[in-house]
Amino acid sequence: MADLARTAAEMVAPGKGVLAADESIATMSARLEKAGVAPTEEHRRAYRELLVTTPGLARGVSGVILCDETFRQCVSDGRSFPDAMARLGLLPGIKVDTGARPLAGAPGETVTEGLDGLRERLAEYAALGARFAKWRAVISIGPETRYGTGTETDTGAGAGLPSRWKVRADAHALARYAALCQEAGIVPIVEPEVLMEGSHGTARCAAVTSEVLDEVFAELASAGVELDGVVLKPNMVVPGRESSETVTPDEVARATVTVLRAAVDERVAGIAFLSGGQRAARATANLAAMRRFETPWPLTFSFGRGLVDPALTAWRGDPARVADGQRALAHRVACNTAALTGTYTDALETAHAA
Ligand code: 5MM
């Protein structure tokens, strides 16, 4: 167990975060197409090589999460991605869930799958060099039910979601995954993501995030998961994308830390936020604002889009623009590292564009 706790502490070491580059083949292909790049296996590989070989990446990034395809690919010098990363001082991580599928008994809701054969897959990933893993549950917030008012939102699609059954099913799967990871000597990133899609306000996001985290920690306890060998990857508490509510980074930080303090066990090794589709600079500003609050665990980033979107746009599949893509990623890492150390400013944010 001491090894797991050491690895988890390394993942959330001061001034460092985790890069999520584990988009599934379908998601990565869609993002490449949107950027005007043909969605081939070689482009997915080349893009991930650009990311992990960014000069100086390990100064602000402790580890990188990859998907199965990338984990088995090689960088240009012939080394496997996990080997190349280890040499670059980056912990290799692997996404082991197989995605969200419709949940029987919960119309319109999903459960994240991937437990079948997971023990064997984890043993193989450990042999290939995986030091940590990730499993993401996705929770949608539907319109609030207001029984008896006769309005359309009472019974409209998704009203009242998430259901208890969905929350329990995802929490149970996360705990079984986490226990299997620890058995294999791999640190689990536990990611219950409450999505930003919807018109709900901050209060509803806070209530749903609390409910989800309470259930996750109850299940982790039932499964005997050692919390100092776990990194939690939650959403920030923010209003839905279609909400008219506006909030400042300080308000996001206060709402988020309040929920986490009440729900997250103090023994957890650290908390690494996802960006959730927020604008990259906004996710960083929110993270910077979290520093004003004391917490029993280190807080950091495990952004996907919030780190890599500008790099993909700068690269656009052109080998001559690899250095541009790497500069864009290095800039986002520098901004987020500054957010962690209290040196994030508007000037730093705009420095790269200038
Ligand atoms: C990088 O994207 C991850 C994999 O997504 P799919 O399995 O849907 O292809 C995703 O789990 C990501 O790690 C989290 O959503 C956090 O990423 P963001 O972009 O929200 O920080």
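Each ligand, and each atom within it, is numbered from 1 in the order the structure gives. Position 1 is the first residue of the sequence; numbering continues from there.
Side-chain contact annotation: Arg136 with Thr112, donor-acceptor N/O pair under 3.5 Å absent.
Here the heavy atom of the protein found nearest to atom 2 (O) of ligand 1 is Glu23 CG, 3.7 Å. Looking only at heavy atoms of the protein, atom 14 (C) of ligand 1 is closest to Glu191 OE2, 3.1 Å. Summary of contacts: the protein heavy atom closest to atom 1 (C) of ligand 1 is Asp22 OD1, 3.3 Å. Given atom 21 (O) of ligand 1, the protein heavy atom at minimum distance is Ser275 OG, 2.5 Å. In terms of protein heavy-atom proximity, atom 15 (O) of ligand 1 is closest to Arg136 NE, 3.1 Å. Here the protein heavy atom with the shortest distance to atom 20 (O) of ligand 1 is Gly276 N, 2.7 Å. Nearest protein heavy-atom neighbour of atom 13 (O) of ligand 1: Lys134 NZ, 2.7 Å. The protein heavy-atom contact nearest to atom 7 (O) of ligand 1 is Lys95 NZ, 2.8 Å.
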query = What do the steps show when you test Glu42 against Arg45 for salt bridge (Lys or Arg N to Asp or Glu O under 4.0 Å), and what is the final call?
reply = CA-CA 5 Å; Glu42 171 51 22; Arg45 191 208 63 77; 2.9 Å; yes
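For ligand 1 and Phe303, the ligand atoms under 4.0 Å from any heavy atom of the residue are 21 (O). Listed by number with element, the atoms of ligand 1 under 4.0 angstrom from any heavy atom of Ala20 are 1 (C), 13 (O). The contact set between ligand 1 and Glu193, taken as ligand atoms under 4.0 Å from a residue heavy atom, comprises 15 (O). Near Lys233, with a cut-off below 4.0 Å to any heavy atom, the atoms of ligand 1 are 13 (O), 16 (C). Heavy-atom proximity to Thr27, at under 4.0 Å, picks out these atoms of ligand 1: 6 (P), 8 (O), 9 (O).
Salt bridge present: Arg48 and Glu23 bring a charged side-chain N and a carboxylate O closer than 4.0 Å. Residues Arg101 and Glu109 are not paired through a salt bridge, judged by the lack of any N-O separation under 4.0 Å between the basic side chain and the carboxylate.
Ring-plane geometry between His43 and Trp315 is classed as perpendicular, the angle between the planes exceeding 60 degrees on a 0 to 90 degree scale with a lower cut at 30.
A continuous path of hydrophobic side-chain contacts links Val252 to Ile271 [ILVMFWY only; heavy atoms under 4.5 Å].
Considering backbone and side-chain N/O atoms, Gly304 comes within less than 3.5 Å of an N/O atom of ligand 1.
With a 4.5 Å cut-off on side-chain heavy atoms, Leu161 and Ser140 do not count as touching.
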For a quick test of your reading: what N or O donor-acceptor pairs under 3.5 Å do the side chains of residues 78-86 make, sequence neighbours left out?
| unit_1 | atom_1 | unit_2 | atom_2 | d |
| --- | --- | --- | --- | --- |
| Arg79 | NE | Asp77 | OD2 | 3.3 |
| Ser80 | OG | Asp83 | N | 3.2 |

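To the nearest 0.5 Å, the span separating CZ on Arg168 from CD on Glu219 amounts to 8.0 Å.
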